Enquirer: 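Submitted below is the structure of interest, expressed as structure tokens.
Here the structure is a predicted model, which means the values were calculated and not measured. Proteins get letters first, then strands, A, B, ... in listed order; numbering begins at 1 in each. Excluded from the calculations below are hydrogen atoms, water molecules and symmetry mates; all remaining heavy atoms, backbone and side chain alike, are included.
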Amino acid sequence: MNPLPSDEPEVKPLDADIVCVGYGPATAGFLTTLTRGLQEESGQALESRAMPGLPPQVLCYERADDIAFGVSGVVTRGRAIRATFPELPLEEIPMATRVSDEKLVYLLDPVGASRRPALMQLADKVLQAFGVKQSGWELPYCPDFLHKRDGFILSLGQFNQWTGQQVMMSGLAQIWPSTPVAEALIENDKVAGVVLAADGTEVRAELTVVGDGPVGPVGRRLDDTMGMPEGHARDEWAVGMKMVVDLPESCTLPEGTVFHTIGYPEPEIFGFFYVHPGRVASVGIFVPSWLETPARTAYRYLQHFVQHPYLWQHLEGGRMRSWGAKSLLESGRRGEPHLCGDGYARIGEGSGSTNVLTGSGVDEAWLTGTQLAEAVLEIYRQGLPFSKENLKARYEARRRRSWLEDESIIAEKARNGFQRGVLTGFIGMGLAGLTKGRVFVPRPKEDKQPSRLEDFYVGRVSHSQIEKIRERCARDGKPLHDALMDAAGWPPVEFDGQLLVSHQDALLMGGKVQAPSDTPDHVVFLEPDVCIACHDKICIEICSGEAIHPGSGVPAFDHEKCVHCGACLWNCPLDNIEFCAAPGGLHSAEN
Amino acid sequence: MPYQIIVCGGLAPDPLQTLEPVTTPAGPGLKNELMLPAVFDPWAGHALYEAANLAKNVPGSVIKVVSIAPKAKLQQVMMTVAQKLPFELVPLDGPGGGFTDSASIAAALADAIAAIPGLDKSQMLLFGGWESATRGAGVVMQMVGEKLGITEQFLAVDELKVDESGALIIKERVEGGRHQVSKCAAPPAVLAWATGNLPEPSNHPQTGMANMRAMMPALQKAKAAALTTTVSYASVALPSVTRQTKIVKDVPAAQIAQELADWIRQ
């Protein structure tokens with residue numbers, strides 16, 4: 001038996017061949033394909049360049065406490081996932097099932113508080129006159145570009161768990177949870193590895209695979225350092241917020257049922273409802289950056305969404321099992337960064353792979369991971385370095401040749417219209433989808449910015465009322481959104497303690513885990529004067545966990561409530577927030 | 001004198017997940033047991049952190065963790081636990097749902113400990129959780145100790161100190177919210193920990209990497225635990241969380257406190 005060292009280890013650089021940042025669907029696709037390739041190559045004995053004589057040393061660092069804590073439910077056509085797993089055993093993956101029925105539903109406004117354009121109000125009246133049931137009109141068909149009828153429903157957390165176990169059991173890659181990565185290690189414009197947040201360890205690797213999502217610090221630092229390709233920008237976002245619900249006994253919806261919804265609680269907010277096996281459903285909304293109100297609370301909107309009569313008929317009497325939120329990068333191909341450079345490659349949502357027309361991201365992310373793995377194996381076989389040229393010729397070229405690129409181009413301008421208004425947005429999306437991107441609404445010269453509160457609520461809440469609400473909320477240390485929505489006519493939410501619960505209860509029921517007590521705040525307000533001068537402080541209103549509160553000029557941040565959605569980052573119009581790598585966050589494998 | 005500290009510890013499904021008991025061909029289990037996120041059993045975790053503290057203060061000491069769990073899950077959980085302190089892992093592949101009876105688990109643990117090469121019982125401290133998050137019987141550590149012939153046993157331990165003579169000063173929980181302090185001249189001894197006093201250590205990625213160099217091969221080669229249970233279960237149920245929500249407005253804090261106190265008394 002060897003004696004233990006008596007002190008903490010000296011922080012020395014670690015050497016590896018490949019280091020991955022983040023374990024989401026893109027990295028899962030990468031590691032699944034790579035480890036399979038390495039096993040198949042065993043006869044040819046691909047060798048580590050960092051540790052000759054051993055197989056390539058592959059490390060993956062994940063911020064969350066386990067690899068199952070991805071915050072997303074998924075309905076996907078799963079073309080790329082099925083290419084990797086032709087006989088995908090859905091029965092082995094909890095909460096997975098095939099899509100059995102799919103509907104696109106226009107939700108009328110049953111409470112009269114939704115801020116609808118006149119044409120939409122007219123449509124509501126016409127539909128009511130024709131006796132539409134439960135205030136929801138099931139569109140006669142779901143356009144091809146939206147449908148997922150040959151696909152399946154997953155819990156991303158459970159899917160990550162399933163893939164992660166297989167990767168780990170291969171013995172050819174190590175996935176380290178609870179290990180946030182602070183930044184990329186950049187030397188002479190080359191990425192030489194990463195720096196771990198826990199103790200500053202440098203992990204040096206010939207290839208760094210960046211799959212830390214749209215708000216991950218490594219990807220953002222690369223964007224800052226390497227710049228974005230000309231004409232590309234990350235300026236369209238959404239907060240996705242959802243709950244997983246135990247459906248009541250009375251619910252007769254079969255598993256595999258999918259509803260995509262439009263129209264409510266605000267016309268700009270899209271929603272979803274899909275039924276997993278075992279009488280469990282995922283229900284949620286996307287609150288986009290083009291929603292004009294600065295008091296854009298996703299949680300209150302989610303509560304009104306689930307109470308819409310079309311959904312409530314299935315949900316009443318249900319119980320919240322878990323809850324979660326995340327930021328979604330909705331810029332699509334326009335948000336694509338440089339996909340590779342010397343020593344690094346970008347995959348997944350942070351690489352701009354999400355298709356904003358089809359509303360699909362997981363399968364696309366998976367595909368980018370598999371494409372990179374195929375490229376890496378080829379580079380290894382040929383004994384080449386992981387240079388920008390070699391990665392471009394093998395990874396980026398694969399991506400450009402694939403359906404991912406074709407469909408991204410079709411989708412690229414599909415949402416332009418939402419910068420002009422919600423109806424123009426729907427028309428533009430329909431045109432782009434039906435003409436395969438040939439016809440689209442041009443983007444205005446300047447993107448839509450959140451209105452001032454006084455402008456957004458004009459005609460519904462007076463300036464003096466808004467001022468009183470501001471004063472009251474500042475005094476009570478509360479965000480404005482609940483008070484504003486009450487004043488705008490949204491009915492109060494009658495908590496039932498089961499499905500309709502307070503935001504703070506949702507944190508507990510959703511599985512919020514606290515970071516270790518010695519963890520520094522990971523949301524940092526950079527220049528106090530900038531915050532003090534900020535009029536609307538959207539960061540407070542958008543916060544998915546009510547972790548940001550009015551402070552004395554500078555907002556106050558409570559890291560024990562943060563769910564790491566990153567919405568504060570992209571909602572700060574003054575770029576005055578830094579969102580650092582940190583442990584903690586949500587803790588449910590079902591999201 | 002350096003110690004050889006053996007820590008017995010299994011896994012528990014992450015308590016924030018929805019757990020559902022099901023009947024499997026091998027007896028009761030948890031639905032989707034292998035897909036549920038798991039954590040190192042919190043009771044054993046306290047024992048491990050105390051072991052790390054002791055080993056740090058007594059140079060030359062070693063820690064070995066003996067664990068029965070599904071090896072795929074064990075590997076996953078060790079990626080986190082291994083970052084906290086240096087130790088070696090003795091893995092046994094077995095169920096992790098907590099439905100295996102205590103005697104079978106104790107026998108398998110004792111056999112695995114007895115088979116550790118180079119183990120010197122005269123320096124051995126056998127650590128573990130007094131109870132576990134999956135099995136509240138509180139008897140496994142006693143039985144392991146008995147099977148290994150260790151008669152000095154301390155249950156519900158909250159504190160361990162070593163005096164100048166090398167004797168162990170052990171504080172145990174006893175009835176009535178009190179502690180009993182015992183003096184044990186020397187190892188071997190069984191210490192089944194309650195909560196201890198130490199927080200969870202921070203992660204050190206370097207420690208994790210160093211640990212995993214030996215753990216990965218050990219996990220790959222992990223043998224199935226020889227569990228010979230004769231227990232049959234008539235039914236199983238999970239403890240339920242009581243949650244009552246009441247919405248009140250404009251109620252004084254004192255009245256709310258009184259209501260809470262009354263509710264707890266019920």
Side-chain angles (χ1 to χ4, degrees), chain A residues 1-12 14 59 61 65-69 92-95 157-158 161-162 164-166 168-169 171 174-179 196 198-199 201 203 244 246 278 321-322 494-498 501 505 509-513 516-518 583 587-590, chain B residues 2 4-5 14-18 20 31-32 34-39 52 55-64 71-73 75-77 79-80 82-83 85-88 116-120 123 199-210 212 216-217 219-220 243-247:
Chain A
M1 293 177 116
N2 299 319
L4 291 168
S6 56
D7 290 312
E8 286 168 4
E10 184 188 345
V11 176
K12 292 182 290 191
L14 298 172
L59 306 176
Y61 295 106
D65 278 15
D66 202 347
I67 57 174
F69 299 150
E92 282 183 16
I93 309 169
M95 300 175 75
Q158 297 288 2
Q161 182 88 210
W162 183 74
Q165 280 193 7
Q166 294 174 63
M168 290 283 287
M169 287 308 288
Q174 296 179 14
I175 306 170
W176 294 93
S178 310
T179 314
L196 303 184
D199 58 4
T201 297
V203 183
V244 179
D246 273 329
R321 283 164 73 110
S322 65
E494 297 293 339
F495 296 146
D496 60 13
Q498 294 289 317
V501 299
D505 273 1
M509 294 166 79
K512 175 72 184 75
V513 64
S517 55
D518 56 352
H587 208 204
S588 166
E590 294 179 336
Chain B
Q4 296 190 355
I5 310 170
D14 188 301
L16 289 169
Q17 310 307 311
T18 307
E20 290 177 45
K31 188 177 177 186
N32 301 324
L34 286 176
M35 288 293 146
L36 288 168
V39 294
K56 192 174 172 181
N57 293 323
V58 183
S61 297
V62 295
I63 300 173
K64 294 208 174 217
K71 67 178 179 181
K73 292 300 316 174
Q75 181 176 0
Q76 213 171 315
V77 171
M79 299 305 282
T80 303
Q83 295 191 51
L85 61 140
F87 65 93
E88 291 176 40
I116 292 174
L119 182 68
D120 179 355
Q123 295 180 49
E200 184 172 334
S202 302
N203 284 4
H204 295 282
Q206 307 257 340
T207 305
M209 288 292 288
M212 287 313 282
M216 289 289 268
L219 282 157
Q220 298 282 343
R243 180 188 180 86
Q244 292 179 9
T245 300
K246 182 179 173 185
I247 311 298

Enquirer: By a 4.5 Å heavy-atom criterion (distance strictly below it), what part of B/Gln75 contacts chain A: side chain, backbone, both, or neither?
Expert: both
Enquirer: Sort B/Leu219 into side chain, backbone, both or neither according to what part of it lies under 4.5 angstrom from a heavy atom of chain A.
Expert: neither
Enquirer: Please determine, by modelled atom types, if B/Gln83 and A/Ser178 share a side-chain donor-acceptor pair under 3.5 angstrom.
Expert: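 No, no side-chain donor-acceptor pair sits under 3.5 Å.
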Enquirer: Is a side-chain donor-acceptor pair under 3.5 Å present for A/Asp66 with B/Gln76?
Expert: yes
Enquirer: Between A/Asp246, A/Ile93, A/Leu14, A/Leu196, which has the largest tally of heavy atom pairs under 4.5 Å with chain B?
Expert: A/Leu14
Enquirer: Quick one: list whatever passes side-chain contact (heavy atoms from CB on, under 4.5 Å) with A/Glu92, sequence neighbours left out.
Expert: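 side-chain contact (heavy atoms from CB on, under 4.5 Å) check on A/Glu92 returns A/Pro89, A/Trp162.
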Enquirer: Tell me, side chain or backbone of B/Pro205 under 4.5 Å from chain A's heavy atoms, or both, or neither?
Expert: both
Enquirer: Taking every heavy-atom pair that is under 4.5 Å apart, which of B/Ala72, B/Ala210, B/Pro37, B/Pro2 has the most such pairs with chain A?
Expert: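 With the most close heavy-atom pairs to chain A, the winner is B/Pro37.
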Enquirer: Given heavy-atom pairs under 4.5 angstrom as the criterion, report whether the side chain, backbone, both or neither of A/Leu59 touches chain B.
Expert: side chain
Enquirer: If every non-hydrogen atom of B/Thr80 is compared with every non-hydrogen atom of A/Asp65, which pair is closest and at what distance?
Expert: OG1-O, 4.1 Å
Enquirer: Quick check: closest heavy atoms across A/Gln158 and B/Met35, and the distance to 0.1 Å?
Expert: OE1-O, 3.4 Å
Enquirer: Is it the case that the side chain of B/Gln206 and the backbone of A/Lys12 share a donor-acceptor pair, with hydrogens and angles ignored and the cut-off at 3.5 Å?
Expert: yes
Enquirer: Minimum heavy-atom separation for A/Met168 and B/Met79, please, with both atom names.
Expert: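 Distance-wise, the nearest heavy atoms are CE-CG, 3.3 Å.
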Enquirer: Would you name the heavy atoms of A/Asp199 and B/His204 that are closest together and state the gap between them?
Expert: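 It is OD2-CA, 4.1 Å.
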Enquirer: Which distance, rounded to the nearest 0.5 Å, do you find between the CE of A/Met95 and the CG of B/Asn32?
Expert: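 Interatomic distance, A/Met95 CE to B/Asn32 CG, rounded to 0.5 Å: 9.5 Å.
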Enquirer: Between B/Met216 and chain A, with a heavy-atom cut-off of 4.5 Å, which part of the residue counts as in contact: side chain, backbone, both or neither?
Expert: side chain
